[in-house]
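Because the structure is predicted, anything quoted here is derived from the model rather than measured. Chain naming here is simple, since letters A, B, ... match the order of the sequence lines and numbering starts at 1 in each.
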Number of protein chains: 2
Amino acid sequence: MAKRVTLAEVAAQAGVSPITVSRALRRPDTVQPDTRARIDAAVAALGYVPDPAARALATGRADVIGVLIPSATNAVFTDVLTGLYDELSETRFDLQYGITRYEPATEEKLLGVFLRQRPAGLIVAGIDQTPAARRLLERADCPVVQVMETGPDPVDMMVGFSHHDAAAAATRHLIAQGYRNPGFLGARMDPRTQRRFAGFRAEAEAGGVFDPERCETTPVPSSVGGGAALLRALMTRRPETDAVFCNNDDLAMGALFEAMRMGFPVPERLGICGFNDLEMMHAAEPALTSVRTNRFEMGVRAARMIRARLDGRDPGPALIDLKPQVQARRSTGGPS
Amino acid sequence: MAKRVTLAEVAAQAGVSPITVSRALRRPDTVQPDTRARIDAAVAALGYVPDPAARALATGRADVIGVLIPSATNAVFTDVLTGLYDELSETRFDLQYGITRYEPATEEKLLGVFLRQRPAGLIVAGIDQTPAARRLLERADCPVVQVMETGPDPVDMMVGFSHHDAAAAATRHLIAQGYRNPGFLGARMDPRTQRRFAGFRAEAEAGGVFDPERCETTPVPSSVGGGAALLRALMTRRPETDAVFCNNDDLAMGALFEAMRMGFPVPERLGICGFNDLEMMHAAEPALTSVRTNRFEMGVRAARMIRARLDGRDPGPALIDLKPQVQARRSTGGPS
DNA sequence: CTGAAAGCGCTAACAA
DNA sequence: TTGTTAGCGCTTTCAG
């Protein structure tokens, strides 16, 4: 247990006052080059590392950026994290995560945990905060970025896309490929999922091919096995279904396997489209169509916006729409 | 920006001294019930929340448990996180993550970041720390748990399993099912992967069925697409291969799809076994054999060990071996 | 450009 | 059981 080296010791070693060391460390250009050199040498010699708690207490602000996501096991969110990391790992900021489990109450609670640290910035997934959570965010006194989704009245900044429109685009693709009886597979049915469903529905209705009976959903979380079960239920009840828009890629993968088991050739008898375009989609047989969402990029952008604001630079537009693209692959090649 | 409510204000409101409030909050049983009641009322009335930085500075210890994992996108690690969360979410401890990207140098650096916060505990994945990192851990002055793996001389505590033995068990299963020319598919080839390979090799040699030419590996990270590519390369070079032990489930899934493309019936022409038993494995067609590793449980156990130590309770054995089980499914049903 | 004084909000140690 | 006195290590004024 090497006891902690303090600023004061560094100062003594360098023959200056503590505050000068503090300045040399935080804004090197505000101290004489030779003073700085002596300080740097002392820091290195003593192996000094600042105490984040002391700094936080003195400044009333922690060098922490809090991130609130619904799930740590869903690749959709972890990809955003990776983007954040990439952009923030060489800065003075630490990331701190909170997992909301899709529970608004948990989100509220974690927001409290973060807020009392007075974080440098906050990144939250989605736009479905409770009124209380939203109020907390609005008063947060730090940059806030909502990611994954766009919507009206951002708390502060926003980078995402319209889930409604993305689902509509996928549905349009299905129709354009010649499918006439498209269905919908959905799980968990959280607000984002429901907006995707709304997009599917709107587009299907516009094309005159919507049938509520071809929508199979469940409140349980998505999984490959769940996708298989949903497809079986749907095809059993509505055998005329000739394509499915799956709320995410896990469901789509499960639907593919179940189609195999039921003997439905994909894409001839059944078209399958997923959502998110995880890596596995392109490798499947047949390769699965999906909607590519730019998750990594969202993380990068969110981090940049926060950094810009913290550095007093122009963060650019407060709302960034990273429009997804439909990645058409063989699984929606069209009915035979 | 409601300005921060401090302990002193609560104390004033309750008509006691600050330290009494402090005690009432941390060890309620050390203050008179009626005093405590007054304090609780004041806390509620003012909406007081403690400042973690001030506490950390005063105690020289943060209520943070640091977690170091190689990847935030690999389900293998996020499942452990979920277990940690489950066990820790209702305690005073916050989790803080660091992603090492499989880079020992990054692990070392992040360890430094954590350590200077004087965390309450540390959880690190694996046993392959650099000597410097290991030294840091040994001097950490807090409980340390190595997870995911077991090995000789734990830094402190350990909960995991032998990757060598788990791979050997899977290989044994392949041989018992009648496969005589098993191959190996591996990616990234980090130390854990290499130990799995060693387990495969040892068991295959013991069964007289090992051929180094049937081992296809790549340094790039695992992916479904990568698994497909590896299988194609292997089957092209060594068409006699009748089964593959895949270093993880992504590779196995890719191998399955590639087998379909190449027209190799699974399991008759080619047996496939994965590793980790992700949810998708059981839902595949055919269902894929894998090795079930108890990742969630590892997280739970690690959290419990740390809590026990912090609470001064007996943490139980310092080394917990959560032996994996081979989940035999149709993909290793045996050669025709 | 550098320093002195004061204090961030909390808790350890001791005392009462 | 409760209070007093000092700080934890750093940074903010405000001077020099």
State which of [options] makes the closest approach to the side chain of [X].
| X | options | value |
| --- | --- | --- |
| A/Y48 | D/dC10, C/dG3, C/dC10 | D/dC10 |
| A/L57 | D/dC10, D/dG3, D/dG9 | D/dG9 |
| B/P18 | C/dT11, D/dT1, D/dG3 | C/dT11 |
| B/V16 | C/dT11, D/dG3, C/dG3 | D/dG3 |
| A/R55 | D/dC10, D/dT12, C/dC10 | D/dC10 |
| A/A54 | D/dT1, D/dC10, D/dG3 | D/dC10 |

Starting at atom [atom1] of [X], determine the distance to atom [atom2] of [N], rounded to an integer number of angstrom.
| X | N | atom1 | atom2 | result |
| --- | --- | --- | --- | --- |
| B/D29 | D/dT2 | CG | P | 12 Å |
| A/Q117 | C/dG9 | CD | C1' | 15 Å |
| B/I39 | D/dT1 | CD1 | C1' | 11 Å |
| B/D51 | C/dT11 | CG | P | 10 Å |

Closest-nucleotide 5' rank along DNA chain D - winner of A/T59 and B/R36: B/R36

Out of curiosity, [X] [atom1] to [Y] [atom2], how far, rounded to the nearest 0.5 Å?
| X | Y | atom1 | atom2 | answer |
| --- | --- | --- | --- | --- |
| A/L110 | A/Q96 | CG | CD | 10.0 Å |
| B/D190 | B/E103 | CG | CD | 12.5 Å |
| A/L84 | B/I99 | CG | CD1 | 11.5 Å |

Residue pair A/F161 / A/M148: nearest heavy atoms and the distance that separates them: CE2-O, 3.6 Å

Taking the nucleotide of DNA chain C with the closest heavy atom to each, which residue, B/T6 or A/S17, is nearer the 5' end? A/S17

Show each protein N/O and nucleotides 13-16 of chain C N/O combination with a separation under 3.5 Å, one pair to a line.
none

Distance-only polar pair, side chains of A/T293 and A/R295, donor-acceptor under 3.5 Å: yes

Can you find a heavy atom in the side chain of B/L68 that is under 4.5 Å from one in the side chain of B/F114? yes

